[in-house]
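Structure record follows, encoded as structure tokens.
Quick note: residue numbers are just sequence positions, from 1.
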Amino acid sequence: MVLMALLDEPRHGYGIVKDIERQSEGQVSLMPGNLYAVLRRLMADGLLQESPRQPAEDEDQRRRYYGLTETGRAVAAAEASRMRRLVSSAEKAKLIGEA
């Protein structure tokens, strides 16, 4: 979900949290400590990078923005494909109705 939150544009931590809440229709809410641990891991894996984007003058200047690397975008696409296959299998097994 973090990778999906960064598909369109770099975001800061709070923006990522809000986008994940929107994506999940309020079902997923990350605490800051959890989010930043995930961000560090994704950066170490080469999926994210800190963006050169700077906070606006009226924003907290400590804010950091994160964006996808090309590898991160490829991993997000692969995960979306995997999930599509999973949903298709669940539909065929009549676990869920067709979308």
Side-chain angles (χ1 to χ4, degrees):
M1 293 185 92
V2 170
L3 297 178
M4 294 294 294
L6 295 169
L7 282 174
D8 295 331
E9 64 181 347
R11 294 182 194 273
H12 51 74
Y14 183 72
I16 294 169
V17 166
K18 290 317 230 178
D19 196 67
I20 288 172
E21 287 175 358
R22 182 193 57 76
Q23 285 179 50
S24 69
E25 297 177 344
Q27 296 297 309
V28 177
S29 182
L30 291 175
M31 300 301 292
N34 295 336
L35 172 66
Y36 288 102
V38 169
L39 292 175
R40 281 191 299 276
R41 187 180 45 130
L42 292 173
M43 287 177 65
D45 290 345
L47 305 180
L48 298 183
Q49 61 190 1
E50 197 168 311
S51 170
R53 179 177 171 183
Q54 296 296 311
E57 248 182 63
D58 61 339
E59 293 181 325
D60 185 341
Q61 294 303 301
R62 296 173 295 178
R63 220 174 232 184
R64 298 291 171 257
Y65 287 82
Y66 302 90
L68 291 178
T69 62
E70 288 303 314
T71 302
R73 188 169 290 280
V75 167
E79 181 65 8
S81 292
R82 184 192 69 79
M83 291 174 70
R84 178 183 287 153
R85 290 189 305 274
L86 178 66
V87 169
S88 179
S89 294
E91 289 170 345
K92 288 176 186 172
K94 302 205 183 311
L95 285 173
I96 60 174
E98 292 189 33

Could you tabulate the donor-acceptor pairs under 3.5 Å formed by side-chain atoms of residues 2-10, not counting sequence neighbours?
none

Item checked: Interatomic spacing from CD in Glu50 to OH in Tyr66 - rounded to 0.5 Å -> 5.5 Å
Check: To the nearest 0.5 Å, how far apart are CE in Met43 and CG in Leu48?
Finding: 7.0 Å
Notebook entry, point to check: Regarding Gln49 and Thr69, is there a side-chain donor-to-acceptor distance under 3.5 Å anywhere?
Noted result: no
Check: Could you state the interatomic distance from CD1 (Ile20) to CD (Gln23), rounded to the nearest 0.5 Å?
Finding: 6.0 Å
Margin query: Treating Ser81 as the side-chain partner and Ala77 as the backbone partner, does any N or O pair qualify as donor plus acceptor under 3.5 Å?
Written below: yes
Next item on the list: Output the distance between atom CG (Leu86) and atom CG (Leu95), rounded to the nearest 0.5 Å.
Entry: 9.5 Å
Check: Which distance, rounded to the nearest 0.5 Å, do you find between the CD1 of Ile16 and the CD of Glu21?
Finding: 12.5 Å
Next item on the list: Please check if atom OH in Tyr36 has more than 12 non-hydrogen atoms from other residues, nucleotides or ligands closer than 6.0 Å.
Entry: yes
Check: Under a single-linkage definition using a 4.5 Å side-chain heavy-atom cutoff for Ile, Leu, Val, Met, Phe, Trp and Tyr, are Tyr65 and Leu35 assigned to the same hydrophobic cluster?
Finding: no
Checklist line | CZ-CE distance between Arg22 and Met1, expressed to the nearest 0.5 angstrom | finding: 9.0 Å
